Novice: 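Could you have a look at this structure, given as structure tokens, before my questions?
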There are 2 protein chains.
Amino acid sequence: MPLDDQKPFHASKVQTLTVLVQREIERRILTGELPAGDRLSESALAADMGVSRGPVREAMRGLQQAGLVEIVANKGVVVRKIGYDEAVDLYNLRGSLFAFMCETMAARRTDEQCGVLKGKLEDMEAAIRADDKEAYFRTNLDFHTTIVEFCGNNRARAVYEGIAKEMHLFRRRGLSRIENMEASMQEHEAIAAAIIAGRPEAARKAGLKHIRNGRDRFLASLDPDSFAADPERRPAAAE
Amino acid sequence: MPLDDQKPFHASKVQTLTVLVQREIERRILTGELPAGDRLSESALAADMGVSRGPVREAMRGLQQAGLVEIVANKGVVVRKIGYDEAVDLYNLRGSLFAFMCETMAARRTDEQCGVLKGKLEDMEAAIRADDKEAYFRTNLDFHTTIVEFCGNNRARAVYEGIAKEMHLFRRRGLSRIENMEASMQEHEAIAAAIIAGRPEAARKAGLKHIRNGRDRFLASLDPDSFAADPERRPAAAE
DNA sequence: AGGATGTAAACTGTCAACAGTTGTCAATCC
DNA sequence: GGATTGACAACTGTTGACAGTTTACATCCT
């Protein structure tokens with residue numbers, strides 16, 4: 001037993017290669033390192049990470065179920081590409097989920113949770129006063145995460161986070177810019193107020209409105225060719 | 001190759017073994033053939049199905065992401081066991097999703113879809129008049145599926161169906177008996193009426209109420225020891 | 001007898017090799 | 001010249017084997 005191993009704790013080998021690989025590929029997809037539509041070669045990825053193809057294949061199976069890649073038999077796996085309609089669907093679904101979480105948290109909230117939520121709100125206000133868009137983006141994310149966690153429904157949280165990851169497939173990098181911090185902030189205040197007041201229905205409506213506004217802001221910001229890469233998904237401009 | 005069978009056309013080999021295995025294991029779990037809490041041995045399953053361990057392992061990875069099994073490194077995979085609180089969470093989440101779908105369909109419905117929906121409703125009425133619980137159960141399922149499909153949001157449908165599968169993990173077999181067909185039928189009529197009338201908000205409320213009533217009926221029907229198998233999940237009756 | 005310890009069996013994690021399929025590209029034929 | 005065909009290359013699907021870990025059990029000591 002080599003006792004020179006300088007690991008702080010032995011917590012190293014409890015991780016299986018498959019999990020590591022899946023996490024790494026997911027990271028590459030979410031950061032855009034592997035852009036949507038890219039074809040992923042098992043051999044190449046395996047060689048790149050210094051593992052065999054087994055763990056890579058298993059990781060792919062997980063990513064497929066998560067909706068991040070598509071697998072075609074005997075052809076390979078590609079990073080999933082999301083069309084216009086699907087993007088709208090995802091926004092709507094996420095809105096419904098977030099509304100549900102706001103509602104649920106409003107019904108179950110504790111005083112401590114309210115305190116934490118108020119804190120996040122103040123962080124955002126501070127970022128606005130400092131006109132620090134980067135900080136606002138971060139605290140904004142934090143605010144959402146807080147609600148998602150405090151709603152207490154773990155399955156809903158898992159689904160929500162999965163959808164959020166999926167949405168990275170069409171939100172281009174650098175969307176961290178917030179167009180209208182004040183408007184966004186007002187929506188956050190409405191959500192927090194309803195939750196803290198313990199009014200589930202009001203919280204639900206506020207949460208839904210917030211995501212819908214985000215959706216509309218995003219769609220409005222699209223140049224028409226954004227989804228041109230897969231035009232066959234586009235036509236259904238109805239509804 | 002004992003798995004693939006009497007396919008009339010050669011359309012069999014486009015299916016990969018992993019998919020077949022995953023489907024088969026999922027079937028065994030949903031039918032209760034592999035009960036919740038059971039430990040699954042890769043070697044045993046592989047031998048039983050006449051394939052090697054590779055496809056089985058890949059299938060497991062997919063089932064894990066779907067929430068049907070849990071995988072612990074170096075220990076194995078067990079059919080997921082759902083505690084009382086998680087069951088309630090799943091019902092609530094499903095209610096929120098179904099409500100969203102009713103709302104969405106009400107906003108997008110076509111005349112043709114309304115016709116189909118009316119047809120399903122009549123099928124259920126016929127089953128009630130005939131006092132055929134089996135037929136009612138079937139047409140009831142059909143009614144729900146129709147809404148889920150016609151809402152047009154494919155991602156929402158996938159999530160909903162995943163949740164529904166997961167709920168099989170705690171709904172014991174033979175729950176197909178419907179306690180109160182008339183009450184259930186009234187709720188269905190309210191949903192259909194709101195959708196056909198094109199009133200999204202009313203449809204949402206009707207759909208939500210329906211699942212909530214189903215949840216309460218289910219919870220009320222529990223003998224207190226139903227979830228005793230994993231008592232550590234029970235205590236958190238607070239919050 | 002009861003608990004600790006060491007050993008063996010069984011199983012999971014990983015890998016490398018084989019088999020089958022898809023897509024490409026050049027040679028051939030009309 | 002253009003389309004068809006056939007072989008080759010690259011890749012995926014599947015398998016069997018090997019290595020490391022966990023678990024159960026028998027043994028030994030107190």
Side-chain angles (χ1 to χ4, degrees), chain A residues 1-5 7 9-26 28-29 34 37-66 68-81, chain B residues 1-5 7 9-26 28-29 34 37-65 68-80:
Chain A
M1 172 197 289
L3 35 83
D4 58 12
D5 209 329
K7 289 282 181 181
F9 282 118
H10 62 295
S12 48
K13 197 47 186 176
V14 295
Q15 286 289 32
T16 190
L17 266 188
T18 301
V19 175
L20 278 275
V21 169
Q22 178 164 348
R23 208 169 288 164
E24 170 63 12
I25 297 179
E26 182 177 307
R28 292 190 188 182
I29 291 177
L34 294 174
D38 248 32
R39 189 149 166 288
L40 302 184
S41 157
E42 294 176 0
S43 337
L45 283 172
D48 186 38
M49 301 189 191
V51 302
S52 81
R53 283 175 49 217
V56 175
R57 280 183 65 86
E58 287 182 34
M60 291 305 187
R61 212 50 66 166
L63 293 173
Q64 177 189 36
Q65 205 80 23
L68 290 184
V69 304
E70 278 173 354
I71 300 181
V72 186
N74 287 320
K75 287 257 218 116
V77 29
V78 299
V79 180
R80 194 150 154 256
K81 208 167 197 169
Chain B
M1 211 168 280
L3 257 190
D4 90 331
D5 37 84
K7 287 288 181 181
F9 282 116
H10 64 298
S12 47
K13 200 46 188 175
V14 295
Q15 285 288 31
T16 189
L17 267 189
T18 301
V19 175
L20 290 240
V21 169
Q22 178 165 348
R23 208 170 288 165
E24 170 63 12
I25 298 178
E26 182 177 308
R28 292 190 187 182
I29 292 177
L34 293 174
D38 248 33
R39 188 149 167 287
L40 302 184
S41 158
E42 294 176 1
S43 337
L45 283 172
D48 187 38
M49 302 189 190
V51 302
S52 79
R53 282 175 49 216
V56 176
R57 281 182 64 86
E58 288 180 32
M60 291 304 187
R61 211 49 66 166
L63 292 173
Q64 176 190 37
Q65 208 79 23
L68 290 183
V69 304
E70 280 173 353
I71 300 181
V72 186
N74 287 318
K75 287 258 226 102
V77 31
V78 299
V79 181
R80 194 148 154 257

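Nothing here was measured: the structure is a model prediction, and the numbers come from that model. FYI, side chains are in, hydrogens and waters are out, and symmetry mates aren't considered; it's all heavy atoms of this structure.
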Novice: Taking CD from A:E42 and C1' from C:dC15, how many angstroms apart are they, rounded to a whole number?
Specialist: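 So the CD-C1' distance, A:E42 to C:dC15, works out to 14 Å.
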Novice: Closer than 4.0 Å, any side-chain N/O of A:S43 to the OP1 or OP2 of D:dT12?
Specialist: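 True: A:S43 side-chain N/O within range (under 4.0 Å) of D:dT12 OP1/OP2.
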Novice: Which nucleotide sits closest to the side chain of B:R57: D:dC11, D:dT14, C:dG13?
Specialist: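 The answer is C:dG13, which lies nearest to the side chain.
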Novice: Which residue lies toward the 5' end of DNA chain C, A:S52 or A:A73, if each is placed at its nearest nucleotide?
Specialist: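 It is A:S52, whose closest nucleotide lies nearer the 5' terminus.
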Novice: Checking the side chain of A:R61 only, and the main-chain atoms of B:R57 only, is there a donor and an acceptor separated by less than 3.5 Å?
Specialist: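 Pair absent, no side-chain N/O of A:R61 close to backbone of B:R57.
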Novice: If I take atom CD in residue B:Q15 and atom C1' in nucleotide C:dG20, what distance separates them, rounded to the nearest angstrom?
Specialist: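 One finds 17 Å between C1' of C:dG20 and CD of B:Q15, rounded.
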Novice: Keeping the roles fixed (side chain from A:R53, backbone from A:L45), state whether a donor-acceptor pair exists under 3.5 Å.
Specialist: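 Looks like no, no N/O pair under 3.5 Å.
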Novice: Nearest whole angstrom, please: distance from the C1' of D:dT14 to the CE of A:M60.
Specialist: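 Taking atom C1' of D:dT14 as the reference, CE of A:M60 is at 17 Å.
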Novice: A:R53 side chain: which of C:dG13, D:dT14, D:dG13 is closest?
Specialist: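 So the nucleotide nearest the side chain must be D:dG13.
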Novice: Could you check whether B:G54 gets within reach of a base, just the sugar-phosphate, or nothing at all, counting any heavy atom under 4.0 Å?
Specialist: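 Base contact.
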Novice: Does A:T16 make a side-chain N or O approach to OP1 or OP2 of C:dT14 shorter than 4.0 Å?
Specialist: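 Checking C:dT14 against A:T16, a side-chain N or O does come within under 4.0 Å of OP1 or OP2.
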Novice: Could you check which of D:dT23, D:dT15, C:dC15 has an atom nearest any side-chain atom of B:K75?
Specialist: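 Taking heavy atoms from C-beta onward, the closest nucleotide is D:dT23.
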Novice: Take the protein atom CG of A:N74 and the nucleotide atom P of D:dC11, then report the distance between them rounded to whole Å.
Specialist: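 My rounded result for the distance is 14 Å.
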Novice: Starting from P on D:dT12, measure out to CD on A:E58 and report it in whole angstrom.
Specialist: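 Distance check: A:E58 CD to D:dT12 P gives 16 Å.
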Novice: Hey, does A:L40 reach any base, or is it just sugar-phosphate, or nothing, if we go heavy atoms under 4.0 Å?
Specialist: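 Here A:L40 touches the backbone only, sparing every base.
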Novice: Decide, yes or no, whether a salt bridge links B:D38 with B:R28 under the criterion of side-chain N to carboxylate O below 4.0 Å.
Specialist: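 No.
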Novice: To the nearest Å, how far apart are B:R61 CZ and C:dG13 P?
Specialist: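 Interatomic distance, CZ of B:R61 to P of C:dG13: 7 Å.
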Novice: For B:V69 and B:M60, work out which heavy atoms get closest and say how close.
Specialist: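 In this case the closest contact between B:V69 and B:M60 is CG2-O, 3.9 Å.
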Novice: Backbone N or O of B:V19 within a donor-acceptor pair of the B:T16 side chain at under 3.5 Å?
Specialist: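 Side chain of B:T16 to backbone of B:V19, a donor-acceptor pair under 3.5 Å: no, none is there.
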Novice: Could you give the CZ-to-P distance, from A:R39 to C:dT24, as a whole number of Å?
Specialist: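 Going from CZ in A:R39 over to P in C:dT24 covers 10 Å.
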Novice: Rounded to whole Å, how long is the line connecting atom CG of B:L17 with atom P of C:dA19?
Specialist: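 Distance check: B:L17 CG to C:dA19 P gives 17 Å.
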